[in-house]
Amino acid sequence: MNTFRGFVVKEFRHIVRDRRTMVILIGMPLVQLALFGAALRNEIRETRVGVVGAVVDDVARGLAVRIDAAPQFEVVPLASPDEIEPAFRSGRVRQVAVFEPGFAERLARDGTADLQVITDATDPNTANTLLAYTSAIVASYQAELAAEGKIGGPAPAVGVRIVPEVRMRYNPELRSVVLFVPGLIALILMLVCALMTSITITREKELGTMEVLLVSPLRPAQILVGKVLPYLALSLVNVLTVLVVSRWAFDVPVRGSYALLFVEAALFTVCALSLGILISSRTSSQQVAMMIALAGLLMPTVLLSGFIFPVSSMPVPLQVVSHIVPAKWFLVIIRAIMIKGAGLEAFWKETLVLVGMTTFFLVAGIRSFKERLA
Amino acid sequence: MSGAREPVIAARDLTRRFGTFTAVDAISFDVAPGEILGFLGANGAGKTTAIRMLTGLLAPTSGTARVAGFDVYTQTEAIKRSIGYMSQRFSLYEDLTARENIRFYGGIYGLTNAAIREETAELAEKLDLGRALDQPIRSLPLGWRQKLAFSVAVLHRPAIVFLDEPTGGVDPVTRRQFWDLMYEEAASGVTVFVTTHYMDEAEYCDRVSIMVDGRIDALGTPGELKARFSADSIDEVFVRLARGRGVAAEASKRAGAPA
Amino acid sequence: MAASVVATELHKAYGSTVALGRVSFAVEPGELFGFVGPDGAGKTTLFRILVSLVVPDGGEARVDGLDPVRQYRELRRRLGYMPGRFSLYQDLSVEENLRFFATIFGTTIEAGYDLIREIYAQIEPFRDRRAGALSGGMKQKLALSCALVHRPKVLFLDEPTTGVDAVSRREFWDMLSRLRAEGITIVVSTPYMDEATRCDRVALIQEGSLLGVDTPAAIAASFDRPLLVVRTPRRLDALRVLRSYEHARSAWSFGEDLHYADTRDRVEPAEIARLLAGAGIPDAVVRPATAGIEDVFMDRMHGTAAPGAAA
């Protein structure tokens, strides 16, 4: 046990002595959080929305006022439908809401009225977001009207041709930072665990110290666990940092159980560590290990996990590939815990998949870590 | 030998400090064209720092030096064009073939394609490379690799070639063949500046300099040095100068300074 | 008492390259045994097989009575190993390195101190310095201390003196001589021929084969051709003349001198002096000499040398 403690102490020393890496490991989560949370968030601010036909109609005007009041939008009145085309083309507006003539009367009479929302889809992501915001505003206005009793009927509805976004139920303000934080945790864990582990093991191979370690009475498992344990600790510290900072700076809540969150994070961490071990067992230079970790692990974590692009909007072949990306499963779990406040019953399947993957990588990693040189 | 012609290296009080540690302490010497200078010293005596200053890689703290007629402070680019360099650790790209290495280094120094082709054929003949010319460097025996690395380092006919432990770990026969190559280059006017831990090789040099704790404690022909220290070999001279200095040097050294 | 290290027909090839070709030898307990040969001769492969890091393709080995292939767990407790490059953690201090290597062998610096005292005392003043900031000689001493701290029965040192200056090398061999007095079997490799004389016995190794195993004196004495030392300021010209002589076996530079070996059983120095004088080198001093390890090595190398290496 003393032997093992000595080993772990030495690993911690390596980490602490290497200031640059240390700064990266501790600072990276914060920088990433700032980037994704603030600078890169695809939240929309004061996008100009043209409104046609709301001038004389007080229900329509009420909606236009609420759209204008939302921080995302700024209403630009358009006199007639003829102005829509030029307004889009000149870039004066990104979205136009067209109220049908007699909007309020139809709503009062039929309980439904047409609102046509036209969006500039040059940038599809933004267009989707704009639509989502608008539909959220429409939905809340509709609820307001119903409460005031201004619309009657068994199924009061403002008939709008907008597909409601499912996520908005849990993220009513559609704040992208809430979605990014779980993805960010997955990314950081992958980076710290898989990348750093594979580098630290291959570094000993390059230095020649691995030869001495192998020739000592240390068992391979002791070497591996000793090497990865500090990174496991560091990763959980990073998870905590991200949660605290995102709560404090971006007001991102954790609705579910913290304990469950940490258990799942630890599971994913071990999964990433095993991948790191697997990579380093099969490579002998830091450079190769780094390239494999970056291309083989980080890119899929960013691109295929649903972190940035929803898995459901990917082409089918990529959806199939996404199943073997551990981060995809972890994202489902952690989003459920943080945003929905769900418990294990909601994602035991995903957890099982992660447990399976972890076991597989761990066994493969340890088996390919040789007690001898090639 | 020196003094007859304009020296190709002229150093005066050349000094380099790292913080409070003086790695090279006011060394002065001349090297004549076509001379082979053995640059000896214990580990940490300042050889590497001195070579880095002379090759334009490191600015001196004080003193002056001219290498191939160029100033080590202001004309480092011109110096780099006039010298060749080879070390035990790095010289050729291991994953490229001999031919590709020759082409690459020839290209760096601006040789024409025709000249590169000619040199390649000449080297293949001189070093008896045969089919090895088109094999990756890493598959060649160390001795060949070092001989080829030397030939590549002088491909562009530099005024001076710096050799940092070129024969480390090389078998005794190839080591001697390596020296034959050096003599050949020196005879054609190239100055050879060489470090080695083989003391018998020191005897092959025209002159030998021995650095101790950043200073040049002895400089002369092997015969002169042996006479001055009444020693039978340069090995004996070296041991007498350098013994016991290691710990003192270590103690005066600032932690973190390059060895 | 049984031999400390025994190798029987050890064989290892990497692809089509034979790293070690059916090598056999035995090292007695407490012996200081040297493998002398250039880089690429197979020394490192041999050491890695003996310390259980590489499994041989053929043949058998016993180290302290244990088979490195099957009994490697037990063997790893008993041996000390210093790989080719000084395998130290550059970012750890001198003391932290030593403490770490003591810990992984389940011991402490204090328990092993009397064995390493003499070596470690020289670096102890710098115990808080990072290993990366030490000079070559100091690193070498630290690496040796680390390999010794668990009191191994057999110590394997792979090229401990490569890249180290002549003075530090001498000091290192002095340390090894004293360690041998402690009863530790030491197996060491070196590319420096002159270091062979510091061993009890040496094996000359070249291209994966042993060129001979014996005491340094016996190896030197095995040079069976007459050897002359020639001293002249015109060394290169003299070499050319000697090599083209019809009875020449070899002629090589040896520091300030030339070594000339003849193919006949006897040769008079006067004959060679006359030969040189006839070629316009009148002032050569020629005298008989006894061969050294390097003479023998080069002589035996000839058959196996790489193409282009023949004189």
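This structure is a prediction, so every number in the text was calculated from the model and none was measured. Proteins get letters first, then strands, A, B, ... in listed order; numbering begins at 1 in each.
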Can you tell which of C:Phe105, C:Phe100, C:Phe101 makes a ring-ring contact (aromatic ring centres under 6.0 Å, His included) with A:Phe7? C:Phe100
Count the heavy atoms of every other residue, nucleotide or ligand shown that sit under 6.0 Å from CZ of C:Arg178, and state whether that count exceeds 12. yes
By a 4.5 Å heavy-atom criterion (distance strictly below it), what part of C:Pro152 contacts chain A: side chain, backbone, both, or neither? neither
Kindly say whether A:Leu214 contributes a backbone atom to a donor-acceptor pair with the side chain of C:Arg76 at under 3.5 angstrom? yes
At a heavy-atom separation under 4.5 Å, does C:Thr108 approach chain A through its side chain, its backbone, both, or neither? neither
Could you tell me whether C:Glu118 atom CD has more than 12 heavy atoms of other residues or ligands within 6.0 Å of it? no
Quick check on A:Gln287: does its CD atom have over 12 non-hydrogen neighbours (other residues, nucleotides or ligands) under 6.0 Å away? no
Is it the backbone or the side chain of C:Leu75 that comes under 4.5 Å from a heavy atom of chain A, or both, or neither? neither
In Å and rounded to the nearest 0.5 Å, what is the CG to CZ distance from C:Asp91 to A:Arg203? 6.5 Å
Given heavy-atom pairs under 4.5 angstrom as the criterion, report whether the side chain, backbone, both or neither of C:Arg77 touches chain A. both
Using heavy-atom distances under 4.5 Å, tell me whether A:Arg219 contacts chain C through its side chain, its backbone, both, or neither. side chain
Would you say the side-chain atoms of A:Thr3 pair up with the backbone N or O of C:Thr103, donor to acceptor, closer than 3.5 Å? yes
Using only non-hydrogen atoms and a strict under-4.5 angstrom cutoff, which residues of residues 10-17 of chain A touch chain C? A:Lys10, A:Arg13, A:His14, A:Arg17
Would a distance-only check, ignoring hydrogens and angles, find a side-chain to backbone donor-acceptor pair under 3.5 Å from A:Thr209 to C:Ser87? no
Side-chain heavy-atom pair C:Leu53, A:Val215 within 4.5 angstrom cut-off: yes
